Amino acid sequence: MAQFDLVIRNGTVATASDRFQADVGISGGCIAALGRGLGAGGEEIDASGRLVLPGGVDAHCHLDQPSSDGSVCADGFTSGSVSAAAGGTTTIIPFALQMRGQSLAAAVRDYHRRAEGKSLIDYAFHLIISDPTPQVLGQELPTLIEQGYTSFKIYMTYDDMKLNDRQILEVLALARREGAMVMIHAENSDVIGWLTDQLEQAGLTTPYHHAVSRPMPVEREATHRAITLSEIVDVPVLIVHVSGREAVEQIHTAQGRGLRVYAETCPQYLYLSEEDLKKPGFEGAKCICSPPPRDPANQEAIWSGLRGGIFQVFSSDHAPFRFADPAGKQLRGTDASFRYIPNGVPGLETRLALLFNGISEGRIDLATFVAVTATRPAQIYGLYPRKGSIMVGADADITLWDPQAKWTIRNDELHHEVDYTPYEGITVTGRPVLTLSRGEVVSRDGEPVGRAGRGEFLPCERPTPARPQGQVTTP
Ligand code: URP
Ligand code: ZN
Ligand code: ZN
């Protein structure tokens, strides 16, 4: 008689703090035991020579997200989740976007309709707040937070989404009262607008000029301001998609002062640079994202920030716009100003392997890899201990890695619906060979397995204690 539904034997288990030889016993979709010489499983997997890691938590991706410019996300919940699973990820957290004038509750209902019955792996939602009316802040958000939507992103740029400083303060105060986490897209909108106008007047409109319109001070100033506003309200914040040294310095200084400032970075800031935006013709559009990729020295600053614990979260920021598509990067044709090119790059499937490659290159250690790709995002967004680690009682979301496998990224072999990857031709070491979601195989040797639709919606806990009293501390 089998003691477990499944036993993974002889692997090396690694968490954000430990690394040990152990079998993993799985029953009812959860981890039931860790130890050597566990009893029999109904099924057994030999993990000799493999690392047994928590499945990845991709805490920043855009799937089937409506836009006001007419661009269309190539990936919805089926292709996005299948692609994520093939890359070793077992939880995704995309965004339910509130359009201006729209009720937030209606945006969440709409997003559930988009996701329902489609995902291969489990998913939660962040909210995007673009219209923080008294009704949204006073009634809708507290109710939604209670229901498990406990993190939200706000923008300091993009005309249809940006909040002014007063609105940001109001959202932060609400987050403090309710114990929610605010993610901030930190770029100075007026500077970008002014520089864009200057560039266009000079006829400088190629994809490369996107980077010129968003130089590092644009991000540095907004990061500083976001941190300052969070300090005034005395609430934690997370700065998303940090691109380079100057923003890292702001975050490092704030963390050194004891402020609860968290930070996220993404593969594009480790592997892409503004040189990629200079590629001939319109090719550079493939790598347009905001903030833009910087240069090799800034890539080094991001690796160093990962190594030094400045970043807690490593996400893909998967923004799936096809290249050869009038609903994608070529929204206004190939001669259009960079201003009209949809921002973002795809990366759900390649996120983990690109960071894992940093281990074989001696840039980060395995514990840091597990921390920023699974454990810390699960903790920061209220999914821990169900997700994000390998421990008794957690969901059996596990990825087996071959740490020696050398392979070259080719878009033809990926499972998203985007017609390119910005990482085409990059050779990396380390590959996920088997991914389990709640004990069920969802990917084997880079090929998805299982029924899209089995993934469940995950309500999130409040990441921090609610502090309904004393909205602002007096100096
Ligand atoms: O360029 C980016 N990052 N596009 C995706 C949307 C966002 O701001 O995260
Ligand atoms: Zn953003
Ligand atoms: Zn994003």
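Order of appearance sets the numbers: ligands from 1, and atoms from 1 within every ligand. For clarity, every value in this text was computed on a predicted model and none was experimentally measured.
Between L238 atom CG and H126 atom NE2 the span is 8.5 Å, to the nearest 0.5 Å. Distance CG/L229 to CD1/I168: 6.0 Å, rounded to 0.5 Å.
Of all atoms in ligand 1, listed by their number and element, those nearer than 4.0 Å to a heavy atom of G344 are 1 (O), 2 (C), 4 (N). Close approach of ligand 1 to H241 is summarised as follows: ligand atoms under 4.0 Å from at least one heavy atom of the residue are 3 (N), 7 (C), 8 (O), 9 (O). For ligand 1, the atoms lying closer than 4.0 Å to a non-hydrogen atom of C289 are 1 (O). Atoms of ligand 1 lying under 4.0 Å from at least one heavy atom of H60, given by number and element, are 9 (O). For ligand 1, the atoms sitting less than 4.0 Å from at least one non-hydrogen atom of H185 are 8 (O), numbered in the order shown with element in parentheses.
For V171 against L163, the heavy-atom pair with the smallest separation is CG2-CD1, 4.0 Å. Minimum interatomic distance between Q312 and A263 (heavy atoms only, all atoms of both residues): OE1-N, 2.7 Å.
Contact annotation for D317 and ligand 1: only side-chain heavy atoms (C-beta onward) come within less than 4.0 Å of the ligand. At a 4.0 Å heavy-atom cut-off, ligand 1 touches K153 through the side chain alone.
Taking the six-membered ring where tryptophan is involved, the planes of H209 and F338 are tilted, since the angle between them lies from 30° to 60°.
Remark: R100 does not engage D131 in a salt bridge, criterion side-chain N to carboxylate O under 4.0 Å. Comment: E300 engages R363 in a salt bridge, judged by a side-chain N to carboxylate O separation of less than 4.0 angstrom. Ion pair E417/R322 not flagged as a salt bridge, since none of the NZ, NE, NH1 or NH2 atoms sits closer than 4.0 Å to an Asp/Glu carboxylate oxygen.
Ranking the protein heavy atoms by distance from atom 6 (C) of ligand 1 puts H62 NE2, 3.5 Å first. Among all non-hydrogen protein atoms, the one lying nearest atom 4 (N) of ligand 1 is N343 O, 3.2 Å. Among all protein heavy atoms, the one lying closest to atom 1 (O) of ligand 1 is S290 N, 2.7 Å.
Within 6.0 Å of NE2 on H62 lie more than 12 heavy atoms contributed by other residues, nucleotides or ligands.
Protein N/O/S atoms found under 2.8 Å from the Zn ion (ligand 2), listed by chain and residue number: K153 NZ, H185 ND1, H241 NE2.
For H60 atom NE2 and H62 atom NE2, the angle they make at the Zn ion (ligand 3) is roughly 110°, to 10 degrees.
In this structure, K329 is not positioned above the aromatic face of F282 in the sense of NZ or CZ being under 6.0 Å from the six-membered ring centre and within 45° of the axis. A cation-pi arrangement is found for K286 relative to F323, the charged atom lying closer than 6.0 Å to the ring centre and inside a 45° cone about the ring normal.
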